Enquirer: 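Can you read through this structure? Questions will come right after.
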Protein chains: 2
Amino acid sequence: MITPLEKARQNPGSMKARILNSARRLFGDYGFHGVTTRMVAKDVGIDISTLHYHWGDKQNLYESVVADVNDEICEKLIEIEKKVHGKSLRVRLEVAIEVMADYLFDNPEASNLILFSYFGKTRPDSIMDSKMSEYVTNIAIAMGLAPDKMDVSPQANARVLAVWNSVINFTSGENLFRSILDVDRKQYIEVVKETLRFILIPAFTKE
Amino acid sequence: MITPLEKARQNPGSMKARILNSARRLFGDYGFHGVTTRMVAKDVGIDISTLHYHWGDKQNLYESVVADVNDEICEKLIEIEKKVHGKSLRVRLEVAIEVMADYLFDNPEASNLILFSYFGKTRPDSIMDSKMSEYVTNIAIAMGLAPDKMDVSPQANARVLAVWNSVINFTSGENLFRSILDVDRKQYIEVVKETLRFILIPAFTKE
DNA sequence: ATAATATTCCATCAAAAGATGGAATGTTTT
DNA sequence: AAAACATTCCATCTTTTGATGGAATATTAT
């Protein structure tokens with residue numbers, strides 16, 4: 001059985017895909033309640049009933065968007081793991097910061113959607129919760145913060161979360177933070193990467 | 001001229017204050033668009049017109065809530081600065097983590113509102129932006145990351161922001177993160193504080 | 001070409017949401 | 001006590017919003 005999400009991905013120019021992309025950007029900007037189906041339809045240049053035809057109700061469209069973003073991030077994590085396999089903790093962090101920052105700066109709506117879906121009280125994503133729990137644990141082990149899957153302490157997981165959070169915030173808060181730092185986009189990206197290295201690496205590489 | 005917000009603060013039991021508090025919690029949980037005036041009124045146990053009578057339109061109520069939270073956080077920062085004045089960078093961080101974490105865990109809606117107002121595209125808070133910019137710069141100087149007010153580099157400001165972000169995220173994301181770490185509230189608070197110390201202190205205290 | 005299927009839009013509905021006027025009630029001032 | 005003012009709620013209005021039925025159009029299969 002092929003899901004609408006897979007269909008949209010298979011044909012990037014299709015109406016399904018166009019709707020998904022508009023929805024992704026808008027939900028990322030304004031959150032679930034801040035976006036109306038009419039806004040999305042207008043952005044795509046179609047009627048709302050066409051939107052409902054392809055994606056069902058608003059909730060379903062939103063969940064598809066969140067699933068889309070989560071899958072993408074999952075792929076990124078796998079890509080990173082491939083690159084850093086067997087490397088030192090310092091290199092792991094350097095590469096992870098570089099790759100994740102680049103991805104999130106290219107897809108700011110992804111970062112926002114993650115924040116919205118994590119931090120709001122409206123989180124029906126119990127599937128995502130367990131998926132994320134698994135990722136975090138795996139990363140903790142890969143980083144050598146825990147011996148094996150059966151014995152990952154809350155402390156180890158919390159440290160992984162702290163790393164993850166740092167990256168997310170700077171990309172989601174770009175608008176505000178850039179005005180505070182008073183730099184252009186290119187400079188901002190560099191400053192953020194440098195800051196992340198400054199903050200994160202010493203914690204994990206000290207003797 | 002006395003503002004409605006000051007009036008509400010002067011009399012904590014008043015209708016103005018009760019509405020403000022309900023609105024604060026609800027807006028913190030669901031964001032501006034996720035809350036209806038009827039929700040707030042129902043939570044207080046009053047009619048919507050009473051709400052409008054005291055606070056005007058929804059936008060105005062929301063802005064009062066944000067201003068309320070910002071003022072409170074500003075007070076906390078001043079309180080911290082008093083405690084750590086003249087102390088070492090390590091102690092500064094330890095105290096800041098302790099006090100801010102305690103405050104935000106006691107007032108999770110504050111943390112959420114900050115995130116909502118920082119990260120959403122709907123930020124008409126240009127006043128807050130400049131205020132925050134000033135705080136960040138002051139902290140950077142107090143932390144010895146910059147020589148004087150005229151010469152605070154983006155790097156220095158970014159480091160202050162990184163510290164601030166770390167604390168915010170763990171309090172806003174408590175629901176999700178606690179389920180990942182699988183700990184109770186008390187344990188969670190301790191793990192978070194420990195993790196923040198683990199991540200933040202080495203970066204600023206290494207030779 | 002024709003039938004079957006898929007897609008799109010127009011018109012419309014019902015519910016939700018922001019907002020207000022004005023009557024009723026309570027409080028303060030004179 | 002009476003007048004002036006403040007507070008509260010009920011009824012109601014308008015706009016927005018999510019959603020759908022059905023006709024029109026395009027696409028694909030036979």
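Every chain is numbered from 1, with letters handed out A, B, ... down the list of sequences. These figures come from a predicted structure and were not determined experimentally. Keep in mind that the numbers below use all heavy atoms, side chains included, and drop hydrogens, waters and symmetry copies.
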Enquirer: Students often mix this up, so state it plainly: with edges at 30° and 60°, are the rings of B/Phe105 and B/Tyr188 parallel, tilted or perpendicular?
Expert: perpendicular

Enquirer: Considering only C/dA17, C/dT8, D/dT8, which nucleotide approaches the side chain of B/Thr36 most closely?
Expert: C/dA17

Enquirer: Using atom NE2 of B/His33 as one end and atom P of C/dA16 as the other, report the distance to the nearest whole Å.
Expert: 19 Å

Enquirer: Just how far, in rounded Å, is C1' of D/dG18 from OH of A/Tyr53?
Expert: 20 Å

Enquirer: Check the distance between D/dT8's C1' and B/Ile19's CD1 and give it to me in whole angstrom.
Expert: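 About 11 Å, once rounded to whole Å.
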
Enquirer: Select base, sugar-phosphate, or nothing to describe what A/Thr50 touches, counting heavy atoms under 4.0 Å on all strands.
Expert: base

Enquirer: Only one of B/Arg24, B/Arg25, B/Lys16 forms a salt bridge (charged side-chain N to carboxylate O under 4.0 Å, His left out) with B/Asp68, so which one is it?
Expert: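 Answer after filtering B/Arg24, B/Arg25, B/Lys16: B/Arg24.
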
Enquirer: What is the bend of the helix from C/dA1-D/dT30 to C/dT30-D/dA1 when you compare the axis at one end with the axis at the other, using five pairs each and rounding to 10°?
Expert: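 Nearest ten degrees gives 10° for this helix.
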
Enquirer: Which nucleotide in the set D/dT8, C/dG18, C/dT8 lies at the smallest distance from any side-chain heavy atom of B/Arg38?
Expert: C/dG18

Enquirer: Check every strand shown and say whether A/Val35 touches a base, only sugar-phosphate, or nothing at a heavy-atom separation below 4.0 Å.
Expert: sugar-phosphate

Enquirer: Considering only heavy atoms, which members of residues 41-49 of chain A lie under 4.0 Å from some atom of DNA chain D?
Expert: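 Contacting residues: A/Ile48, A/Ser49.
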
Enquirer: Give a yes-or-no answer on whether the side chains of A/Asn165 and B/Asn165 include a donor-acceptor pair shorter than 3.5 Å.
Expert: no

Enquirer: Do B/Tyr103 and B/Glu72 meet the criterion of a side-chain donor-acceptor pair at a distance under 3.5 Å?
Expert: yes

Enquirer: Can you tell me how far P of C/dT7 sits from CZ of A/Arg18, to the nearest Å?
Expert: 14 Å

Enquirer: To the nearest Å, give me how far apart CG (A/Leu51) and C1' (D/dT17) are.
Expert: 13 Å

Enquirer: For B/Glu63 and B/Gln59, which I'm curious about, is there any donor-acceptor pair between the side chains at under 3.5 Å?
Expert: yes

Enquirer: Tell me whether A/Asp184 is salt-bridged to A/Arg178, with the criterion being a basic N under 4.0 Å from an acidic carboxylate O.
Expert: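 Salt bridge absent between A/Asp184 and A/Arg178.
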
Enquirer: Rounded to the nearest 0.5 Å, how far apart are CD1 of B/Ile97 and CZ of B/Phe198?
Expert: 12.5 Å

Enquirer: Just how far, in rounded Å, is C1' of D/dA6 from NE2 of B/His54?
Expert: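 Result: 9 Å.
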
Enquirer: Roughly how many Å is it from NZ in B/Lys16 to P in D/dA6, rounded to a whole number?
Expert: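 Rounded to the whole Å, the gap is 11 Å.
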
Enquirer: Tell me the interatomic distance from A/His52, atom NE2, to C/dC9, atom P, rounded to whole angstroms.
Expert: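 These atoms are roughly 14 Å apart.
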
Enquirer: Testing A/Ile46, A/Leu51, A/Asp47 one by one against A/Ser49 for a side chain to side chain contact (heavy atoms under 4.5 Å, CB included), which residue passes?
Expert: A/Asp47

Enquirer: Can we say A/Lys76 and A/Asp102 salt-bridge, meaning some charged N sits less than 4.0 Å from an Asp/Glu carboxylate O?
Expert: no

